[in-house]
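For reference, the structure discussed in these notes is given below.
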Amino acid sequence: MAGEGGAVNSIEVTVNGETHRVAVEARRLLVHFIRETLGMRGTHIGCDSGNCGACSVICDGQLIKSCMMLAVAADGCEIETVESLGDGPDDLDPIQAAFKEHHGLQCGYCTPGFLLNTKTLLAENPNPSEAEIRRALKGNLCRCTGYVNIVRSVQAAAEALR
Amino acid sequence: MSAVSGSSTVAAEREGLWDVLSDPARLGAALPGVEDVSVEDSTHFSAVAHPSTALGATRIQMDFEILEERRGEYVRIAGSGRAGENRVELNVELELTDAPGGGTAASWRGELMLRGVLRSLLQRGAGAIFNEQVEAVLAAGAAEG
Amino acid sequence: MLLAPTEYVRPGSLEEAIDELGARPGARVLAGGQSLINVLKHRAASVELLVDVSRLEELRFIDVDADGSARIGAATTYGELERSAELRGSHAIVSRVAAGTVDRQVRARGTIGGNACFADPASNYPPLLIALGAQMEIAGPDGTRSVAAEDFFLGLWRTVVGPGEVLTAIALPPLGGASVGYRSLQIAADSWALARAAVWIAPGDPIQAARVVLGCVAGRPVRASAAEERLIGGPRSAQAAADAGALAAEGLDPPSDVHASGGYRRAMAAVMAARALSDALGFAEEVASNGR
Amino acid sequence: MKSETTYYPAVEQSERLGAFSGESVPRVEDKRLLKGQGAFVDDLWMHRQGHVHFVRSPYAHARIVSIDVSRAEAQPGVYATLTGEEVGVLQQPYFQMAPEPGGLMKDYCMAVGKARYMGEPVVAVLAESAALARDAAELIDVVYEPLGVTLDGVGTIEPDVPVIHDEIGSNVAWHGVYDYGDVDWALENADHVVRIDRLHFHRFSSAPLETTGALVNWDPGTGVIEFRTNNQMPMFAAMFIGPAIGVGVDHMQFSSQDIGGGFGIKITSYTYLTALALLSRKAGRPVKWSETRWEHLAASAHGNERTFLDIEVPVMSDGTILGFKVRAFDDAGAYLRYEPLGAVIWSQVVPGNYRIKHVRVDYTETLTNKCPVGPNRGYSRLQHLWMVERIIDIVANELGFDPVELRRLNYVQPEDYPYETPNGCIYDSGDYPAMLERVLELIDYEGARERQRAALGTGKRIGIGIGSTLDSGTNNFGQSRIINSALPFSGNGEAAVVRLDLYGEVTVTIGTTPQGQGHETTAAQVTADILGMSPDQVHVAAGYNKAANTYVGFSGTYASQFAVTGLGAVMGAAEKLRGEIVKVGACMLGAEESDIELADGFVRLAANHEAAIPFIGIAATVFANVAELPGELADSVTLNCRYVYRPPFTVPDHETKTGKLTLTYASQIHAAVIEVDEETGLVTILDYAAVDECGRKINPKIVEGQVHGAAAHGIGAALYESFEYDSDGQLLNATFADYHAATALDVPDIRYDDIECPSPFTPNGAKGMGEGGGAPLSTICSAIEDALPEGAHIVFDTHNNSERVYELLRSAAAKGPRGVEVLSR
């Protein structure tokens, strides 16, 4: 990806288990680092104000929005993206399988964020109520499903993982 | 469009402060984070300034016109220019009186117009930021006047 | 979405951070970035040097003393506040407000100090910190100082934290037997607030002392002194809550925005105040989200 | 059934559907989307590509005095710029669908001479990176001369307001009167006339989560322009772009794989595609553009805003509603990018779900200094349907009818189908009374009324609302002639190719541009049924590709029609292929074609399953061993079968404004129980239910998902989402921070059920669906009004945030005008 100009810092960041030592412009957002610098396109951009959650990734075990963090600030962090889910390019992990079975996605643009949200939610709370699920998903916008089947998918994933 | 108004008291005598506020060169120099001032005539000047807030600075290019002045007590200024891809327009009148406890009491009211995405983003804060900048100008003017 | 060019440094200590800030007038503190990064993305402002304090251990702690007082590091995240058993013991309301802030992603990075320094009139913590009588601890080149929360907030993006200074901690006095309440009316659950009210009522009947603080109604949080005077000396009754609430927004001229007119905000500030008071005095149903 | 002969030529419905069609088979699309392997437009790149940033007008209306790009072009990493001035030379104004006066408009891909809405592109900057392009944009000096703005969709026609398009001379784009039955007679002879002053349908957008974007390369060698874009109606885009820049459709390639939602908003992106093409040619590079969210909200497309004035409703004392008379003003924004089609599309559903016979709509399409509108989900029908539902509830309240009974009484009845509307549209099938009954069960209507009584005096008021809507699908483009008799459009259609490849693989390509509707899955289901195999053995090419797939002029994904046009084409092509396979199989097995059946990927004798040839045997013979076949047979098969589905439309009548405007009428009836906080006006949805009817369902789970999604858009718009401009024409919610897209906490769980009334007019009994008709807008307005105290003002706007509801609550005590009056004989 082309240079952006401005000061450059060198960072070491681990993404899906692979450690990258690279120089990044200080102004570069983590989401652009993941998409453009690393060329991993599963993390999406849906807004410019940190509202939509399409760029959600897991940073040191916590769900964050990668458009609300500078790449340089991720120095030394462990990042997990949607590409880390499942075993190999064709395997669906239990969360992905639940979304497929319960039609928890339509256009699929918001889906990577919801999957990672679900992963961190179920790690903290293996048996969430519908209210807890909806509250947890609040930071991820979906414009296709009305959330109904996403909530069902999360419930099914929780079931499967218990 | 947001209506702006405010007041503050500065430790400077009125005439001196007014001299600064009514003189394009000195007023321009008093703008917060000013980088460059070019005076066209006694009522027109342009400035590039970097007014800063607790969150950072915004580079603004503005053309100013002193529309009306009453020696020592009143000045009305219009400005228009840009901040990045946004447009800024202001029209503010400033009144000076002797503050009871000494120094000069300044009160201002006017209109601030932002156009572009900042209009939406700053709809809750543009006025406050503007007042902060006016206070900065007065302080600088006081120091200078 | 794309920031203007900037520089970034992550100092290893508070001292270094203060040095960096002192050395560059264009430098600003970056904490969780959940507000600042947005400002920079839209180029509403740009920063020459971002001084990242988010990982400074000196700023990340929650200490609760035996007397029930609490000190919270400024870089403590909402998530940490939400999960802290100690804090839920000493100041449950602070945890509860953290838990209802925006969303999980923001709570994972956003900090209480950043929230305070952003000083958005719609922010959740400023009115609460004033109601709780918090002390804001500030470090700078000339050492440290402590400022009452009430004197800390000046207006949008404006606090008493000066150039080269860093908000380091927030000290909460013990609640003792005091009762507290907090209510917000939002455009939707966990979203923009239209009106907020935080209240603190000293123990004892009749009421000895009270603080009623409103958010979203002016550039900075507002003490509703008329409401407080009405409460003091009066009984701890549902009627007292209603009467004081009705006075809370008197004389205010709140700003309008796309979500609400100033007049509606004023009316809602009074409603939130009355409800927060009735929560505090124990006359309200279990607090649900969004003003209900 | 009388229908086939009465209204349309008889349609033969396939008996082969069944094994898989009708089953909720999991979607084939899902795996790649779940794995982050989708290919959305921003995921694509080309060698040497530059990144585009559009400099946009900060003014809602301003003359562009001068543009200086020199400082920007001098920046390192900046490749080129394109100004409106250049566009004025390089582009012809777009073809206009409107007759005069609107047709006089000169519309370009960027502002030429004048900017007419805030956010209109003025200059495009191309640079090595998007960040550098944005940096350079700040160095472009544009001098504007601000002009007065006009923002009110009704007031904009007044003589003294600024004129947006000088060529037109006023802000009226189109005007026409739709007069059906005899509304004057009805008003004179009705027992009551209910007069409603004003109803307003607000501006919002279904705002897909993926914004508009494109990677465009004008190849200097071949002269072919490649558009990799998420535009959802590429052939429509080509129709505008081609003539405007003098390029034939043969020199334009469009493709998309995965599209992150569209909802109609991505239909009018052809202006951006034009600008990107011109910039690519100028720079000699591929150009990539990804719209930011604020650009999307301010300058892609908004849904139509419509104001209804002076509504008069004649009602008989038994509750029979005879008709209505209304003046409608539709605010198209600054340009007619898809308009004035909306000025006729609504008339697909003139009487709504009701037996209303006498209707006069005086319709004016106006122009304002706001974002141009585009065909947002439920396009033009939901505005009208909302007004009809408001009429039903207001009539019920004012005349003291039970809103449920009034609906039952006036609904088109099951025995009425096929039902001809006053303007000649044919409702194909349905059962609204049964749907109403079911939806009321789902929300426990009686129980809810109990709760409503019990809540009185608690500070919380309960309201129960009903919304009946239609989702008219497969439209007849001939209706465009009703607004402009000179337009060369009529009918509709879609194309598909089903082929048998060398090793026996079955491949399907279609002309549609799916955005999450699962076309790959449902196309595989019907193909599998027809060819006697399983869906996972059918490969449906993902996405749209003009060069690789087949297409017709109507190709795309819009207006609730895939199940009819898309699957109709796939079924036709699959039947053709089946015929060829049977022919070849019969020859190879030495049998009669009538003895042959297809099963499990084999051609076999119905009587002897041992005598069977796998599809690979058929394909290998035709492609690689063709000398084995008799010449005439070899010459008569291709195993590569294209079929174009054409609905049986005729051209509507321009003079009477009548005709068969759409083929199918799916319907939805919603019901909600809400709670209104008396002190704050805050509305909370306690219970929500939707009952759907869309004919035969090919994949029930996908249908249910569409119902959920459409419901969420309506709920969001009703309570949270509204584009608001200040008096200066500045958009006040230009980001998702202030344009509050509904979250998982805002959309309730939706109780769902369905009934099935197969359409007699379609090849598979299905009806197009997906738009939902905006039922929640009607339902929530109905519920809010039901919750208001006696004497309150009517609910007059589709958008009701807490402050508006607070004002409505207070209006009761104010005893002021209520926005409605009743005249009784």
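Reckoned from all heavy atoms, side chains included, excluding hydrogens, waters and symmetry mates. On a predicted model such as this, the values are computed, not experimentally measured, just so you know.
- B/R82 has a carboxylate O that lies under 4.0 Å from a charged side-chain N of D/D141, or vice versa, which qualifies the two as a salt bridge.
- Judged by distance alone, with hydrogens and angles left aside, the side-chain atoms of D/Q730 form no donor-acceptor pair with the main-chain N or O of B/S120 at under 3.5 Å.
- Surrounding CD of D/E85 are at most 12 heavy atoms belonging to other residues, nucleotides or ligands under 6.0 Å away.
- When all heavy atoms are compared, the tightest approach of D/D728 to B/M113 is OD2-SD, 4.3 Å.
- For a residue to count as touching a neighbouring chain, one of its non-hydrogen atoms must lie under 4.5 Å from one of that chain's; by this rule D/A137 touches chain B with backbone and side chain alike.
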For a side-chain contact (heavy atoms from CB on, under 4.5 Å) check, start with the C-alpha distance between B/R87 and D/V142, then their side-chain angles and the critical distance, and finish with the verdict. CA-CA 11 Å; B/R87 298 285 158 148; D/V142 183; 4.0 Å; yes
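- In this structure, the portion of B/Q123 lying under 4.5 Å from any heavy atom of chain D is its side chain and not its backbone.
- A salt bridge is absent between B/R115 and D/D726; no separation between the charged side-chain nitrogens and carboxylate oxygens falls under 4.0 Å.
- Both the backbone and the side chain of D/A734 come within less than 4.5 Å of a heavy atom of chain B.
- Interface remark: B/L121 contributes side-chain atoms only to the contact with chain D (heavy atom separation under 4.5 Å).
- Of the two parts of D/I140, only the backbone, made up of N, CA, C and O, holds a non-hydrogen atom closer than 4.5 Å to a non-hydrogen atom of chain B.
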Evaluate the criterion side-chain contact (heavy atoms from CB on, under 4.5 Å) for residue pair D/R56 and B/V117; output intermediate values, then yes/no. CA-CA 10 Å; D/R56 296 173 180 277; B/V117 67; over 6 Å; no
Carefully, step by step, assess B/E85 and D/H53 under the rule side-chain contact (heavy atoms from CB on, under 4.5 Å). CA-CA 11 Å; B/E85 294 178 68; D/H53 178 91; 2.8 Å; yes
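- Of the two parts of D/L732, the backbone and the side chain both hold a non-hydrogen atom closer than 4.5 Å to a non-hydrogen atom of chain B.
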